[in-house]
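Down below is the structure, laid out as structure tokens.
Letters A, B, ... mirror the listed sequences (proteins, then strands); counts begin at 1. All values below come from the heavy atoms of this structure, side chains included, with hydrogens, waters and symmetry mates left out.
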There are 2 protein chains.
Amino acid sequence: MHSERIRLASLLDRIVSAAQAVELIEDGMTVGMSGFGGSGDAKAIPLALVERAKREPLKINLITGASLGKGLDGLMTEAGVLARRMPFQGDPILRRAINAGEVMFIDQHLSDVVEQMRDGHIPTPDVAVIEAVAITERGHIVPTSSVGNSASLALAAKRVIVELNLGCNPLLEGMHDIHIPRERPDRQPIPLVRPDDRIGSPTIEIDPEKIAAIVVCDTPETAYPILPPDDETQAIANHLIGFFEREVASGRLASNLAPLQVGVGTIANAVMYGLVDSPFSDLVLYSEVLQDSAFALFDAGRLKFASGCSITLSGDCGRRVFADLGKYRDRVVLRPQEISNHPEVARRLGIIGINTALEFDIYGNVNSSHVGGTHMMNGIGGSGDFTRNARLAIFVSKSIAKDGAISSVVPMVSHVDHTEHDVDILVTEQGLADLRGLAPRERARRIIDNCVHPSYRAALNGYFERACARGGQTPHLLEEALAWHINQQRRGHMLADG
Amino acid sequence: MHSERIRLASLLDRIVSAAQAVELIEDGMTVGMSGFGGSGDAKAIPLALVERAKREPLKINLITGASLGKGLDGLMTEAGVLARRMPFQGDPILRRAINAGEVMFIDQHLSDVVEQMRDGHIPTPDVAVIEAVAITERGHIVPTSSVGNSASLALAAKRVIVELNLGCNPLLEGMHDIHIPRERPDRQPIPLVRPDDRIGSPTIEIDPEKIAAIVVCDTPETAYPILPPDDETQAIANHLIGFFEREVASGRLASNLAPLQVGVGTIANAVMYGLVDSPFSDLVLYSEVLQDSAFALFDAGRLKFASGCSITLSGDCGRRVFADLGKYRDRVVLRPQEISNHPEVARRLGIIGINTALEFDIYGNVNSSHVGGTHMMNGIGGSGDFTRNARLAIFVSKSIAKDGAISSVVPMVSHVDHTEHDVDILVTEQGLADLRGLAPRERARRIIDNCVHPSYRAALNGYFERACARGGQTPHLLEEALAWHINQQRRGHMLADG
């Protein structure tokens, strides 16, 4: 039984129940788990940890690729299992615990996690839990629909628990390309020079002796709810397509643009849907999470190749794509997040990075992570990896939120994730601000003219003009700079300063 | 005459006066000039521009490597020559004009300038003005004491003016290593894997037909005034050396540490002097500006090799080093700033980056550039290139300024250049905060305990505790977050809120 999926016979007797396997994890341990964008996550062991924590004290430091699906982070939070959590999350219950100071959350650039582990900045895992579609004849692990940090976590861990998920399409085998940079000072260049290059192994090449337990399960791929495009996201897409057309016409971009990176989330995904009806073809993604829009672009004949570190799809799209994986598998590669997000590769390829801003300010500084400057939403994720090194760093946002009580364009962001140095283009449904080669005062003029909702334009103009009268490279009125956020917290509207 | 320095005979008749050469520059042009850290800068043409602007309207967009020496930026500002200036400056007169909004200053990561030029974000120069120690038999340019952006500016410019500086030691020839990355999508990995690798040409390989004028001058190397170490910089150095010793003892660093990058300026330079009496040897610099301290470390037998993009020395040290250049030239290489500061290389080598902060906040966000959040000091320079990609990103600062009226540690920085994600270690004369692997609330505790001046500690503790009571991943009291800066501006002391 399972010999097709566990092809090293000596490992067959390591099959145990999740309740047995979870005994390998002790209170206080650091645990690494697969999972990125709610995809390819270990599922049985997190639930077994929750069960065990009902009987005995059990707190762990949890390192994943990025967010887990199926509410697993929330369940572990409620059970009190999480002491420390890195590098990203997207769970409402965990988010509440983080903001209450109950779980220590280390919010990290996603390309940087395993580098920090090698350098000894963060602990290496005692146990790694990796979802797999198979274990090869050599005892190597074939991941499922994400790679994330799985390879380096498994290689660094003392012991590994494999969750063999029979619900995953075996055609996933061969879609992964796992390259692990050498230790310094013997580090070599990452040999990837084109988005479709294969530079590594299709499996995680661990010593099979480290596989201490195999848990067999049969759960479907996680479905990731995604909102449909709306008039505003379509308007954002149209502004962006118009910009790309002008860039191609001017010769600054080729007719197939440049390798695209697209952030997770509804707005960026909807913008990508907009490319289905664009004049561009032979597009290439060099991205992190491959979402529904990537497969819509494949089906529309627009997309030639997609490199990512996870496939994260909505229910309908996921059922369709995973059932018909053969149609796509030669045009998709899944890499470790260290490689999909690596500064070296992003700069070499000259990617166009499209990410979602929570808010941005009149100078083009971007807040991706902190509501009201204090409360964590999800984390910085890969946005910094791409933005800093992109050929074109683009942020998209609707110009207002909460029926206009919040402007996404503010005098000063309440938290900075990306500085003005790194942000080239800002787009809202109102328009597009091209900030390249501009000084801060020029950036402000362009952002206010092009991106701000009309109901906030006069207020921002007034702020900017009064600030300029005081002078500076980056004029501000420090006593008013955060007043909009304070108003919103106290009175429910950014301009209600009565 | 000059045939030893101008070795392509057909170029000898292009020797003209500075007043003649400057006629190649027209009002409204974009001009590229050599110069980085006040070293290797064109000197005659800037002065000729100043003279000409007395007679006729003349405004240019000026792109350099980084700062110019000898007050050139100030003289050009006073003459009204500068319309736009990038990517860095360090001149008090230009600074005033920038902050008054009279000169548009585009403050850029120094590794990114020529990449932005290739991508068409900023204009290519109509004319480039490059200081040279010689022109070779093939008509190629040998730069002087900096490379900076000189090579890419000369290659991109329509016409080139060479300032042949007879005052520069001809032994500079051979010390440069000029590698220019290929255009995308054919970009290849930068083949540098060790700090002392040579991967390019010793000269700037331009078409000699582009050399439109040669101006011969004879000015000494620029002297860069540098303050001597004091008790506080020594205390900072001691904290850092203690930290390095513990890292070596723990096995996280090798006994010769890792390639060091050291920012420009008095404090970082003084910290480096501290390494003269440290237990470390076989040190290697992979840095930007090589300052006095680098040569002190050579002389003390501590330093094995230094890679930089300019040599910027004080008067005494400069006279000594440039007179005795043969002693050092095999152990020093000067590269384009794109390579000395490249994210790809910084990450590959795993550099330790030591830079100076203007201020930092309790969560470890760093302001490197803006006084009071609004007024430009010099620019972000290379600090972001190194910090984001360093193995260890360290910022140093004295804990107070202006006799205690200013605390360098504040509730919230008034301007963010480096986010908490990228900052590993903070050091003041009070102590060292090791922030690796910590969540923001933990970072705050460690920074307040270790780095803050005693006269500000109670106030920061109070702020942090009251902020924590309100919650959040990064607790703040938005209505007080910038109050220290406002107090300082209005009442001359950060805590004078009466």
What part of D186(B) gets closer than 4.5 Å to chain A, counting heavy atoms only: side chain, backbone, both or neither? neither
Heavy-atom contact with chain A under 4.5 Å, split by part of D424(B): side chain
Donor + acceptor pair across side chains of N487(B), H485(B) (<3.5 Å): no
Check this for me, if you would: do E479(B) and R490(A) make a salt bridge, where the nitrogen-to-carboxylate-oxygen distance has to be below 4.0 angstrom? yes
Heavy atoms only, distances under 4.5 angstrom: which of H342(A), R187(A), H121(A), H375(A) has the most pairs with chain B? Name it, please. H121(A)
Under 4.5 Å to a heavy atom of chain A? For R391(B) that would be both
What's the shortest heavy-atom distance between T374(B) and H476(A), and which atoms? CG2-N, 3.4 Å
Who among Q116(A), R441(A), R182(A), Q188(A) has the most heavy-atom pairs with chain B under 4.5 Å? R441(A)
Heavy-atom contact with chain B under 4.5 Å, split by part of D361(A): neither
Regarding N378(B) and R95(B), do their side chains bring together a donor and an acceptor under 3.5 Å, going by distance alone? yes
Of the listed residues (P123(B), S250(B), G101(B)), which shares the most heavy-atom pairs with chain A below a 4.5 Å separation? G101(B)
Specify which of G437(B), P181(B), S369(B) makes the most heavy-atom pairs with chain A at under 4.5 Å. G437(B)
Relative to chain A, which segment of S111(B) carries a heavy atom at a distance below 4.5 Å: side chain, backbone, both, or neither? both
Is L438(A) in contact with chain B via its backbone, its side chain, both, or neither, using a 4.5 Å heavy-atom distance? both
Any salt bridge between R118(B) and E115(B), counting N to O under 4.0 Å? yes
Find the one option among M104(A), R184(A), R194(A) whose heavy-atom pairs under 4.5 Å with chain B are most numerous. R184(A)
N-O pairing of R347(B) and D112(A) below 4.0 Å: yes
Side-chain donor-acceptor contact under 3.5 Å, R348(A) with N389(A): no
If you count heavy-atom pairs within less than 4.5 Å of chain B, which of M376(A), E247(A), H415(A), R96(A) leads? M376(A)
Most contact-rich option vs chain B, by heavy-atom pairs under 4.5 angstrom, among H370(A), E420(A), Q108(A), R470(A), is H370(A)
Contacting region of I122(B) [heavy-atom separation from chain A under 4.5 Å]: side chain
Check this for me: does any side-chain nitrogen of one of E442(A) and R84(B) sit under 4.0 Å from a carboxylate oxygen of the other? yes
Worked check of side chain to side chain contact (heavy atoms under 4.5 Å, CB included) between V366(B) and V416(B): CA-CA 6 Å; V366(B) 170; V416(B) 176; over 6 Å; no
Between R436(B) and D119(A), is the closest basic N to carboxylate O distance under 4.0 Å? no
For the candidates D434(A), I98(A), D107(A), which exhibits the highest count of non-hydrogen atom pairs separated by less than 4.5 Å from chain B? D107(A)
Region of M86(B) in contact with chain A, defined by heavy-atom distances below 4.5 Å: neither
Chain B contact via Q489(A) - which portion, at a heavy-atom distance below 4.5 Å: side chain
